[in-house]
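Predicted, not measured: the structure shown is a model, and the values here were computed from it.
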Amino acid sequence: MQVLSKRSEFLAAARARRQGSKGMMVQGRNRRDEDGIRVGFTCSKKVGNAVARNRAKRRLREVARIVLSAHGLPGWDYVLIGRATETAARPFDQLQGDLIQALKKIHGK
């Protein structure tokens, strides 16, 4: 699993499919190749100060590591966006369920 780092990659995912859940917003884009899964993480200042944003992103990274290996599709880019109060406070198993449901809807299943 590779990490998105360029702004253009994030913008391309933002123009593609998106699905909100209680704990996060997920954007997904089919790159139409088989190079593997790429994922990016972001949190706006609405989430809180730098400490709160980093905590939310750490939780999103761990959820993505666990879930995307089983439910993500090769050739897709995913961007996980943290929500203001929910991402850091939501129980971890519910965050996993949120991501799984969002991926099912993004993939059209």
Side-chain angles (χ1 to χ4, degrees):
M1 189 166 52
Q2 299 173 355
V3 177
L4 298 177
S5 58
K6 296 181 182 173
R7 184 172 190 266
S8 61
E9 297 169 337
F10 280 87
L11 292 176
R15 289 188 299 269
R17 297 178 181 181
R18 65 186 66 146
Q19 180 62 46
S21 67
K22 191 160 175 103
M24 70 189 80
M25 170 73 79
V26 181
Q27 299 170 337
R29 178 178 80 100
N30 189 351
R31 293 189 319 268
R32 309 249 186 254
D33 62 22
E34 295 297 322
D35 285 343
I37 297 171
R38 297 189 315 182
V39 63
F41 309 94
T42 186
C43 289
S44 72
K45 288 189 176 182
K46 290 179 185 178
V47 174
N49 62 8
V51 174
R53 290 193 305 270
N54 286 331
R55 180 167 189 252
K57 284 193 279 188
R58 280 195 308 270
R59 291 185 60 138
L60 291 176
R61 277 193 292 269
E62 185 61 18
V63 166
R65 185 186 67 79
I66 293 169
V67 173
L68 287 179
S69 60
H71 298 279
L73 297 177
W76 280 72
D77 289 344
Y78 302 102
V79 175
L80 279 62
I81 304 171
R83 292 208 183 261
T85 57
E86 290 295 323
T87 303
R90 195 153 171 83
F92 194 74
D93 59 333
Q94 290 179 2
L95 269 181
Q96 289 176 329
D98 290 345
L99 181 55
I100 291 169
Q101 292 295 18
L103 290 175
K104 286 180 182 176
K105 290 184 180 181
I106 286 174
H107 295 147
K109 295 180 182 176

Q: With a cutoff of under 4.5 Å between side-chain heavy atoms, which Ile, Leu, Val, Met, Phe, Trp and Tyr residues group with Phe10?
A: Leu4, Met25, Val79, Ile81

Q: Which pairs, with at least one residue in residues 82-92 and sequence neighbours excluded, count as a salt bridge (charged side-chain N to carboxylate O under 4.0 Å, His left out)?
A: Arg90-Asp98

Q: So, taking the atom named CG in Leu95 and the one named CG in Leu60, what distance separates them when rounded to the nearest 0.5 Å?
A: 7.0 Å

Q: Please list every donor-acceptor pair under 3.5 Å in which a side-chain atom of residues 62-71 meets a protein atom from a residue at least two apart or in another chain.
A:
{"unit_1": "Glu62", "atom_1": "OE1", "unit_2": "Arg65", "atom_2": "NE", "d": "3.2"}
{"unit_1": "Glu62", "atom_1": "OE2", "unit_2": "Arg65", "atom_2": "NE", "d": "3.3"}
{"unit_1": "Glu62", "atom_1": "OE2", "unit_2": "Arg65", "atom_2": "NH2", "d": "2.5"}
{"unit_1": "Ser69", "atom_1": "OG", "unit_2": "Ile66", "atom_2": "O", "d": "3.2"}

Q: Can you tell me how far CZ of Arg59 sits from OG1 of Thr87, rounded to the nearest 0.5 angstrom?
A: 8.0 Å

Q: Members other than Val3 in its cluster, when Ile, Leu, Val, Met, Phe, Trp, Tyr link by side-chain heavy atoms under 4.5 Å?
A: none

Q: Do side-chain atoms of Arg32 reach the backbone of Gly75 as a donor and acceptor pair under 3.5 angstrom?
A: no

Q: Give me the atom names and distance for the closest heavy-atom approach of Ala102 to Val26.
A: CB-CG2, 3.8 Å

Q: Main chain of Phe41, side chain of Arg61: is a donor-acceptor contact present, judged purely on distance under 3.5 Å?
A: no

Q: Which heavy atom of Cys43 sits nearest a heavy atom of Arg53, and at what distance?
A: O-CD, 3.6 Å

Q: Same hydrophobic cluster for Ile106 and Leu99, using side-chain heavy-atom links shorter than 4.5 Å among ILVMFWY?
A: yes

Q: What pairs meet the salt bridge (charged side-chain N to carboxylate O under 4.0 Å, His left out) rule with one or both residues in residues 8-20, with sequence neighbours excluded?
A: Glu9-Arg38

Q: Quick one: which residue pairs count as a side-chain hydrogen bond (donor to acceptor under 3.5 Å, both in side chains) with a foot in residues 20-31, not counting sequence neighbours?
A: Arg29-Asp77, Arg31-Asp33, Arg31-Asp77

